[in-house]
Structure formats: C-alpha cells, structure tokens
Amino acid sequence: MFQNILVPVDFSEHAKLAFAYGALFARTFAGRIELAHVVEDVVTSHPPFWTGEKALADELHQQALAGAKLFMQKLLPTLPKPAGTEIGTRILSGALPLTLVDHAKESKTELIVVATHGRTGFSRWLMGSVSERLLRSSPCPVLVARGSAAAAQPRIARVLVAVDLSEHSRRALHVAGMTAERFGASLEVLYVWAAPFYDPATQQHAGLFERVRQSARDELDEFIGRAQLPASVALERTIVSGTPTAKISDRVQESAPDLLVLGTHGHGGFKRMVLGSVAEATARYTGCATLVVP
C-alpha cells in the first residue's frame, strides 16, 4: 500500500523527522524512499522583477540547483539507513506545491511525508495556503509528521481515525485499518455526529436524544462492517456529538494516539475540516502525526 514514499526535504533538522517517519513506513510496508528538494523558479514565483532579468535569474537558478545537490549529498550520510530499504534522491525545479504533486503522479508515489517548521518556508507552506493546496491536489495520502527533530524515533501503537460515514471517509478507514494491522497497532474509530443543543441536567427530551444516539451507533456499526477491516486489529468505537474540530482535538488529547487519520471531501464537513479552518486547528495543534487520505 505504501511502497513508494516521497519525503520532501529542506535540509533543516526537521527534514530528519520526516525521514524518520518515511523510514518507519518503508520498513513496515517493504517500500522505498525518495528524498526530494524543490528549487523554486524565481521567474515564476516573482515575475514582476525577474521577468526582466531572465539571464541573471537563470544563472542564480543553476547555482541554486548545484547547491541543492551538494546539500543532498551532505544530508544522506547523516540519516539512518533502514535495513533493506532503497533510498533515492531527486532535485526538482519548479513551484511549490505543484512540482511535488506532478512528481508524485509521475513517480506513482503512494505516500508523501512532510514535517513542520522547516527553515525555508516549510513551516508556512505545510500549515498555510500551500499546505492546503498540497492536500487538495495530492494524488496520494500525505503524512504530516510531529515530534522532536532531535530525537526522531517515531512509533505507531495506537491509530485514531475520524469518520463521517461518507464514502471518502470509508477510504480513510480502510487505510487506517491496513496501517494498524501492519504496525500491530490498536484502532479507534471516532464518529462525531451533529445534534441540537441538549442539556442532560434538564432531562428534557432525554428519550429522543438517546434514540438518536442509538441510531448513530447502528450506523457506525454498519459502516465499519462494510469496510471489512482486518480481523486481527483491536477495534474500539467512540461516538460523540458536537463540532468535529473540537471533538477530534479533544479525543486526540484524551487517547494520545500515535497517528490520526483523516479523510477529505466527506459529506459531513470534512472537506472544510481538512482544507479550511478545521484543518488548521486539527493538523497544527494536535500533538500527533496526521495522515490525510484523499
């Protein structure tokens, strides 16, 4: 499922964190890793000035490409070599994030692994507008790595997947189930369902509220059953009502998963969640790695 893994790097310490997660998935899924760095074309990114200085821009770009190759050569010896894992490198020229997206399509990449707080703008584009465009256009799942770059020894023992019962979240559930099976991890399925305001202290309409809750349980059971998850995976179901952003963040804090899995374009607001303000709140402020599945 994750045989071809692409790890964009900016030559910062946080690139090592992304590589550590990429290596973890490569070992587990018997995959290969490609480290890629994008040298942005200044004529494209800043046309008002550089269009009139084409010759100078080309010279600077060639120097940047040569520098990137040198940095890549220096980076490789500092990375741990996963046993039996092939590691390749690629220097790309173009604009972020479209160059990464195009390369992922051409190379049949099955997983992109990125880390936050890089020194060359990655902290902005991973959690900002470029991040949203990458998630929106990526042909494959994107893993946003979390943790300490200095002590990058990730593990995955608990997986939490949030679903909204859409077909797109079924894909996320499938990926979460396969991932949990390969890592020998437990899997928690979180279903956040919307409900009108209800104060249990008043006991008003308690029966109706409980019937709706039971209906949500039945729907989730049917949804999980159709997903045909691996029988060996230890499965837990959690159903809560409220706003997806807040409830997912709360559950991450309570259960402390090693990996949060989210699907995009679901009918229950997940498109907004992953590509808008909810994504920012979830991906930026949760303390665990997040796997976004298109």
Are [X] and [Y] grouped together when hydrophobic residues (ILVMFWY) are joined by side-chain heavy atoms under 4.5 angstrom apart?
X: Leu235; Y: Val159; value: yes
X: Leu75; Y: Leu70; value: no
X: Met1; Y: Leu291; value: yes

With a sphere of 6.0 Å drawn around [atom1] of [X], does it hold more than 12 non-hydrogen atoms of other residues, nucleotides or ligands?
X: Lys74; atom1: NZ; value: no
X: Arg226; atom1: CZ; value: yes
X: Gln228; atom1: CD; value: no

(request) Walk me through it: do Leu98 and Leu96 pass the test side chain to side chain contact (heavy atoms under 4.5 Å, CB included)? (result) CA-CA 5 Å; Leu98 294 181; Leu96 286 168; over 6 Å; no
Approximate separation, where rounding is to 0.5 Å, of [X] [atom1] and [Y] [atom2]:
X: Glu188; Y: Ser255; atom1: CD; atom2: OG; result: 4.5 Å
X: Leu79; Y: Ile87; atom1: CG; atom2: CD1; result: 7.0 Å
X: Glu167; Y: Phe223; atom1: CD; atom2: CZ; result: 7.0 Å
X: His37; Y: Phe71; atom1: NE2; atom2: CZ; result: 9.0 Å
X: Ile239; Y: Lys247; atom1: CD1; atom2: NZ; result: 13.5 Å
X: Tyr191; Y: Leu165; atom1: OH; atom2: CG; result: 4.0 Å

Within the structure provided, determine whether [X] and [Y] are in side-chain contact (heavy-atom separation under 4.5 Å).
X: Gln214; Y: Arg217; answer: yes
X: Pro8; Y: Val38; answer: no
X: Ile224; Y: Leu229; answer: yes
X: Leu143; Y: Thr290; answer: no
X: Ser241; Y: Val192; answer: no
X: Arg32; Y: Asn4; answer: yes
X: Val240; Y: Thr238; answer: yes
X: Thr179; Y: Phe2; answer: yes

(request) Start with the C-alpha distance between Ile248 and Leu260, add both sets of side-chain angles, then the distance that settles side chain to side chain contact (heavy atoms under 4.5 Å, CB included), and finish with yes or no. (result) CA-CA 9 Å; Ile248 293 172; Leu260 170 65; 4.1 Å; yes
(request) Sort out for me which residue in Val7, Ile33, Leu111 forms a side-chain contact (heavy atoms from CB on, under 4.5 Å) with Phe25. (result)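 Result: among Val7, Ile33, Leu111, Leu111 is the only option passing the side-chain contact (heavy atoms from CB on, under 4.5 Å) with Phe25.
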(message) Given Ile112, which partner from the list Cys140, Pro141, Pro97 fulfils the side-chain contact (heavy atoms from CB on, under 4.5 Å) test?
(response)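 In the set Cys140, Pro141, Pro97, the residue that makes a side-chain contact (heavy atoms from CB on, under 4.5 Å) with Ile112 is Cys140.
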(request) Carefully, step by step, assess Leu92 and Val39 under the rule side chain to side chain contact (heavy atoms under 4.5 Å, CB included). (result) CA-CA 6 Å; Leu92 301 169; Val39 177; over 6 Å; no
(request) Report the C-alpha distance between Val163 and Leu190 in whole Å, list the side-chain angles of each, state the deciding distance to 0.1 Å, and finish with yes or no for side chain to side chain contact (heavy atoms under 4.5 Å, CB included). (result) CA-CA 6 Å; Val163 301; Leu190 173 65; over 6 Å; no
(message) Would the distance check show the side chain of Glu40 and the main-chain N or O of Ala95 forming a donor-acceptor pair, the cut-off being under 3.5 Å?
(response)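 A pair under 3.5 Å: no.
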(message) Using a 3.5 Å distance criterion without hydrogens, assess whether the side chain of Ser166 forms a donor-acceptor pair with backbone atoms of Ser169.
(response)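 Checked: pair present.
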Closest non-hydrogen atom pair between [X] and [Y], with its separation:
X: Ile5; Y: Gly22; result: CD1-O, 3.7 Å
X: Asp258; Y: Ala157; result: OD2-N, 2.8 Å
X: Leu187; Y: Gly177; result: CD2-CA, 3.9 Å
X: Ala162; Y: Leu262; result: CB-CD2, 3.8 Å
X: Ser93; Y: His61; result: OG-NE2, 2.6 Å
X: Val293; Y: Arg171; result: CG1-CG, 3.5 Å

(request) Answer yes when Glu236 and Arg251 have at least one side-chain N-carboxylate O distance shorter than 4.0 Å, and no when they do not. (result)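 Salt bridge: yes.
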(request) Take His103 and Thr109 through the side chain to side chain donor-acceptor pair (under 3.5 Å) test and state the conclusion after the steps. (result) CA-CA 8 Å; His103 179 66; Thr109 295; 5.6 Å; no
